Amino acid sequence: MTFAQHPELITSQPWRHLHPTTCTSLVRICTALIALSTVPLADGANHMAIAAPRKLQRRKLPITPLMVSNYCPETVWPGISTQSGDGPPENGFKLEPGEMKNQTVSEDWQGRVWGRTNCSFNAEGTAPKSGHGRACRTGDCNGILNCVVGGDVPVSLAEFTLDAGDGHTYYDISLVDGYNIPMAIVLQPLENVTLDDIPPNLTNPSCQGTQGLLREQGYDPYSSGYQIFLRTNSSYPLPFDHKVDDNQVSRWCPWDLQQEPPDKPGDGVYPYPDDNIQRPAFNPCYSACAKNNKPEDCCTGDHGSPSSCQPSDYSKSVKAVCPDAYSYAFDDQTSTFIIPSGAGFEVVFCPGARSTNILATETEKLHQLAEQGKVSKNNDQSKRSKRSTADVFRRSGATRSFRLDGTVLVVAMAVVACKRTRRDRGRKGAARRPRRRSSPVERAPSAGPEHCRVRHLCEYTSPSTAMPQALAVHDLAQGWSFKQADNTADDAWLSVARVPTNVHLDLIDHGIIPDPFLGFNELEAEWVADKEWTYKVTLPDVGVPQDGTVTVLAFDGLDTFATVTLNGEVILESDNMFVPHRVDVTQKLKAGSENLLAIAFASARLRAIEIKDAHPEHTWVGFNGDMSRLAVRKAQYHWGWDWGPVLNTSGPWRPVRLETYQARISDLRIDYELGDKLQTVSGVISAKVDGQSGQKVAFEVHSGEELVFKESADVSSGVAKVQFHVNEPRLWYPHGYGEQPLYKVTATVSADDINLHQASRRTGFRKGELVQEPDEIGKTFFFRINGVDVFCGGSDWIPADSFTPRVTAEKYRKWIEMMVDGYQVMIRIWGGGIWEEDVFYDLCDELGVLVWQDFMFGCGNYPAFPEILDSIRAECVANVGRLRHHPSIVIYAGNNEDYQVQEQFGLTYDYEDKNPENWLKTNFPARFIYEKLLPEVVDQESPHVPYHPGSPWGDGLRTSNTTVGDMHQWNVWHGTQEKYQIFDTLGGRFNSEFGMEAFPHIQTIEYYCTDPSQLYPQSHMLDFHNKADGHERRIATYLVENFRTQTDLEAFIHLTQLSQAEALMFGYRGWRRQWGQKRFCGGALVWQLNDCWPVTSWSIVDYFQRKKPAYYAMRRVLAPVAVAVKRAHHDWSVVHARVPKTSDYELWVASNQPTELTGTVELRYISIATGEEIKEAVVKSDIKIVANGTTDVFSGTIDNVNEEPHVLAARIWIGGEIVSRDVDWPQPLKYLSFEDRGLEVTPSGNTIAVKARKPTKGLVFEERAGVLVHDSAIDVVPGDEQTIKVRGLAAEHAPLKWTYLGRS
């Protein structure tokens, strides 16, 4: 049977009101679907010429990400055209170098993306600036910015058919119409379980055909400083073409097809190729079809078949340069990428590196991917195990309007199809040039065993037969409106862009409040927190449920005091932002009628004050924000902090869904232990099953494509569990210490052999220990992973935005990748923020970053009323259960600084009293939470992760004790304001907080400073964007102590950033040395990695992800091998600035490598005034560098009386390569003269060469959007030229700006 024979399967009228007996036969529906499943890799029409057929339960929500990024050295104006489905909000826009545009399209979208170059529009974008003609040199779309037609040739195209009706997505890079700009397509798998295990190096093609942008032959981005390139890494590297050289890429376009050919090349003819003629710099190239429009070039008319139409010289040439591109009409058979549907995509202009060669090198895997939706390790297709019916119809776990998660989707889709309305979507446009192949939907199914199996499942003997129904999910992301609750005006209801959201975001969208991040606008938004806000949405009709079917409204997070009504009836009241809720509404929904869901959000700020005032018996004390915050289970930083604004949010801040099911897996848990020798793993996998229909759960464990465990168990009392055992497991390690293999554990619940729901978790097997053992100074505190001791250098993390719903997965990835690139091993999620999004922990698992997870309590004496204890328990059970499978989480800590609050305010804490009931009777009742409730939750939900009562905390001793537990060392900056040069002497066994403030870069300040007259260091507006108490005096103290003061804003910024970089370097360098000294220091986490808004703070990377110099200083001292040299500290402030007669110094090497290394160490003594060496250098060869520790190399004494001021410049070579440098300077730097340094900074392609005639301090490069610098804030000494790698800076771009200490 074909669709041509039964067109009613495509064009029949909606089925909603048909009686089951008159519904289209299930047999016919199943068979039609089977027809779609048989599409081979290379036998269908080009996807851009296919109108997506009518499908059962067509998914249409515009929720699929379509991102466009520009890494070109010049501005690009992307254009987007839509063939069918719902396109993005903007079809044309401007992208500066380094910028990205993130939009969404419908899941059945079909369209193209291209790049326009050299554009000039009028102010409105409605016409060329000249008033007529083209606005763009290439890709122009009728001279307007927001395209409504396709782009003019020649143009490189990214083409997509997201859902062709066969469960597949088709896409390609098309050069059929010419070439104008390099591009890549990068798959974004989202949360789609079907796509989880597809190797990314099979899905991300790149075409690089422009002279000057092609990297050299043999270039490997993964060994050139980029751990992640186009979402691939060295474990799954992209296969690059290495045949094409720069000469070939400059000459591939035939003379007569260039957009602007020279007037008289050679003797006036157009020889191609001709190596004797100087070719011009490359310019855009037409295809032969685009230029000539002849049948023989376009494969039309008499040339409309593969046998009568052959590739032109253009096609052959462009295919050589871009092997993965589609080059002429019949080339699409080998140039289209086919994957299971459900992914989003990013189009990247000028991606860098070289063209990929995926199609030619991975042919067999691509065939598997197109036919099976996955890649099997066993390429012998004749020996493949039988596919389940799930393999006939590809599933998608990505967010979507109507998702069916079951292996027998045939039955589930058909059952639902008989009950629901179908509305067809017409095509919005046709492909510009039809592709000459038969449509995949016209192919008849084979009569093989798979076809027979599905026919058996599709048999339908009686319309009254009740079949089990798979889980159906409506993601309620669109269609919402909101209003201020007391606004009764007719136009009070306003649209909501999407849920999740915060009310502030929606008010900003409608211009009701200004952007609170700009100027003093924070003050203009304060009133929002005192109002009640209502959100509403009309629910989709789910029809009349079958017997045993449950319909649930799921709320992943409501911020915070929420009353939920359905058709006016209260169904839920919530008072905890962190508790997810599920409400059974099966009997409350009105079939065939509108069902209105409304959520009223009361003012959390006012409600908190009410609760506080109602409990005068409690001691409401703490640091930061109004103490009423302690009464509310809500992100505490919403009340303002010493780095964040007062922006008290409300709204549905996490997803809302409507789910219908007969059985679902509500929890999938993996409890395991590793054998003594770490060679086996065994344990129990258990699944909790909601609903009455689930009979059996099938469990599988995969390592990549390899099935390592499979077993089934019956459901008993709502639970199914099996014991499992795996030999020789691949162990998970933090990055730098080993690999991060992840196992996928899957559970599928079924009834009557019909799969109803599937859940999966990615986990890693590892043995994590918090080692606290008595030693000669107290008790150790460090982490051991799989028997390997790990020094945890890293950062503290706060929420990445005051409005967290707008933090994208891509932003999260950049933050975590930044840590990995900076050799940071651990991140601490601070207790005054939020339980982070799943993607955060997924990335830490994937990239190997250890997570220290605080419970959400910060800087206060929290109450312990019975009702709030119940809420806290529910919150923590839900979140620890949600996170338990993540191998990256290695510790839970009860709170942030609450024991310090107890100390500072003299609250009762008798550590020897072990009766929890007594704790509740004291004025420090929160002890019950930290030492009773929370450890019980962790033991119950995640027993393999250690629990620590607080941060800081150590055996009930004072939190400032340096011999036990962790500590927050704030006597630099806060407290006694010690000099940062002695930071390392102030630390403890684990320094989980320490820091130094610094201004962000000037671009960030210029962003928020809306009044140019305020651009000076002590201005009102700049002070408003620094929330730290006493910041003026503290910044001034450290600058005056160490540097010659500056009043120019950019010079002042540089000084604060150098102060921060120096402070953190002194701390990390010394504490890492102590790690090697019997594990005296187990780690150090800087406060803080990030910001939640544009601000001056302790962050080492600002809100816009611009790195401060301290990031690079930390990176150098945390490198796998780091040399260090340091002279003894002499406190100039307390000896009337007298210089000591002598200063001792020491030189050592720190290494985290697992084996002993051999290296050569050099120390030079260089005059600061002249740049000459004042005495002979010391060179130590064949030094044995101990594994995972510290090696003391040598020491000496400086004669400050007879030797002029000089630097100690150290280097270390391993394997003939310099791997680390360190320069120690006389302190304070303000006493030194830095004029006339003779510094030379020479950009050359992707590198910057740096050298100096005299020692130079703190060379900092500009942080420019789209440009990545490998190192910055460096010290430069004579005789040691350094090469800095740069990415994203083209030859025609202005060089990066730079400055150094003392530059005039």
Side-chain angles (χ1 to χ4, degrees), residues 560-561 574-579 604 607-636 639 831-832 854-880 892-941 946-961 964-968:
T560 293
F561 290 93
S574 177
D575 59 2
N576 188 322
M577 175 181 181
F578 304 120
V579 173
R607 190 70 66 86
I609 293 172
E610 292 174 9
I611 298 172
K612 175 178 176 290
D613 290 347
H615 291 277
E617 75 280 4
H618 182 68
T619 305
W620 301 90
V621 293
F623 320 135
N624 285 298
D626 188 273
M627 288 306 105
S628 62
R629 66 178 173 81
L630 305 175
V632 179
R633 297 308 301 148
K634 175 176 171 62
Q636 300 289 271
W639 275 263
D854 281 0
F855 284 87
M856 293 299 110
F857 303 89
C859 298
N861 180 32
Y862 284 83
F865 319 133
E867 58 270 24
I868 202 170
L869 289 179
D870 290 343
S871 182
I872 290 169
R873 184 178 293 275
E875 166 195 329
C876 298
V877 167
N879 283 284
V880 175
Y892 285 103
N895 64 80
N896 172 79
E897 296 185 354
D898 291 0
Y899 285 99
Q900 287 187 325
V901 170
Q902 173 267 316
E903 292 172 359
Q904 181 162 327
F905 291 94
L907 306 178
T908 301
Y909 181 52
D910 180 4
Y911 183 62
E912 300 306 318
D913 182 357
K914 303 300 182 182
N915 185 344
E917 295 303 317
N918 290 343
W919 308 341
L920 290 171
K921 300 171 186 177
T922 71
N923 59 2
F924 183 48
R927 180 184 181 187
F928 183 91
I929 301 172
Y930 311 139
E931 299 183 32
K932 170 69 173 171
L933 190 156
L934 297 184
E936 288 179 350
V937 170
V938 173
D939 185 62
Q940 168 191 332
E941 298 295 330
Y947 175 79
H948 186 57
S951 181
W953 189 86
D955 289 358
L957 302 174
R958 289 195 65 83
T959 56
S960 57
N961 191 299
V964 63
D966 73 312
M967 74 177 303
H968 293 185

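Keep in mind that what you see is a predicted model, and the values were worked out from it rather than measured.
Smallest separation of non-hydrogen atoms from G625 and M627: O-CE, 3.0 Å. The minimum heavy-atom distance linking P916 with K932 is given by the pair CG-CD, 4.1 Å. The heavy-atom pair separating C876 from L934 by the smallest distance is SG-CD2, 3.6 Å. A pairwise comparison of heavy atoms in D898 and G858 identifies OD1-C, 3.4 Å as the closest pair. Taking all atoms of both residues into account, the shortest heavy-atom contact from N896 to H968 is OD1-CE1, 3.4 Å. Nearest heavy-atom pair across P863 and I929 is O-CD1, 3.8 Å.
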Q | Full working for side chain to side chain contact (heavy atoms under 4.5 Å, CB included) between Q636 and M856 | A | CA-CA 8 Å; Q636 300 289 271; M856 293 299 110; over 6 Å; no
Q | Intermediate values then yes/no, side chain to side chain contact (heavy atoms under 4.5 Å, CB included), E903 and T959 | A | CA-CA 8 Å; E903 292 172 359; T959 56; 2.9 Å; yes
Q.
Using the rule given for side chain to side chain contact (heavy atoms under 4.5 Å, CB included), can you reason through V632 versus W639, listing the C-alpha separation, both sets of side-chain angles and the distance that settles it, and then say yes or no?
A. CA-CA 11 Å; V632 179; W639 275 263; 4.1 Å; yes
Q) Yes or no on side chain to side chain contact (heavy atoms under 4.5 Å, CB included) for T922 and L907, after CA distance, side-chain angles and deciding distance? A) CA-CA 8 Å; T922 71; L907 306 178; over 6 Å; no
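Taking OH of Y947 as the reference point, atom CG of D939 lies at 12.0 Å (rounded to 0.5 Å). Note: W620 CH2 to R629 CZ = 11.0 Å, rounded to the nearest 0.5 Å. Atom-to-atom distance recorded for L630:CG and I868:CD1 is 8.5 Å, nearest 0.5 angstrom. In this structure, the separation between CZ on F928 and CG on N915 is 10.0 Å, given to the nearest 0.5 Å. Interatomic distance, CG of N576 versus OG1 of T560, reported as 7.5 Å (0.5 Å rounding). To the nearest 0.5 Å, the span separating OG on S628 from CD1 on I609 amounts to 5.0 Å.
Every residue meeting the side chain to side chain donor-acceptor pair (under 3.5 Å) condition with R873, not counting sequence neighbours, appears here in chain and number order: E936. Under the salt bridge (Lys or Arg N to Asp or Glu O under 4.0 Å) criterion, D966 pairs with no residue at all, not counting sequence neighbours. In this structure, the side chain to side chain donor-acceptor pair (under 3.5 Å) partners of N961, at least two apart in sequence or on a different chain, are T963.
In this structure the side chain of H618 never reaches within 4.5 angstrom of the side chain of K612, judged on heavy atoms. Residues F905 and N861 fail the side-chain proximity criterion, which asks for heavy atoms closer than 4.5 Å. At least one side-chain heavy atom of P952 sits less than 4.5 Å from a side-chain heavy atom of Q900. Inter-residue side-chain proximity for N895 and D854 is flagged as unmet; no heavy-atom pair is nearer than 4.5 Å. Within the 4.5 Å cutoff, the side chain of D575 has no heavy atoms near those of the K634 side chain. For the pair V938 and P946, the minimum side-chain heavy-atom distance is 4.5 Å or more.
Using modelled atom types and a 3.5 Å distance limit, the side chains of T908 and N923 yield a donor-acceptor pair. Looking at E897 and S951, their side chains never bring a donor and an acceptor atom within 3.5 Å of each other.
For the pair R927 and Y899, the NZ or CZ position fails the cation-pi test of under 6.0 Å to the six-membered ring centre and within 45 degrees of the ring normal.
Note: F865 and H615 meet the aromatic proximity criterion, with ring centroids under 6.0 Å apart. Taking the ring centroids of Y930 and F857, they lie under the 6.0 Å cut-off.
Classification of the Y911-Y909 ring pair by plane angle, with boundaries at 30° and 60°, yields tilted.
When each of Y892, Y862, F578 is paired with F855, the ring-ring contact (aromatic ring centres under 6.0 Å, His included) condition holds for Y892 and for no other.
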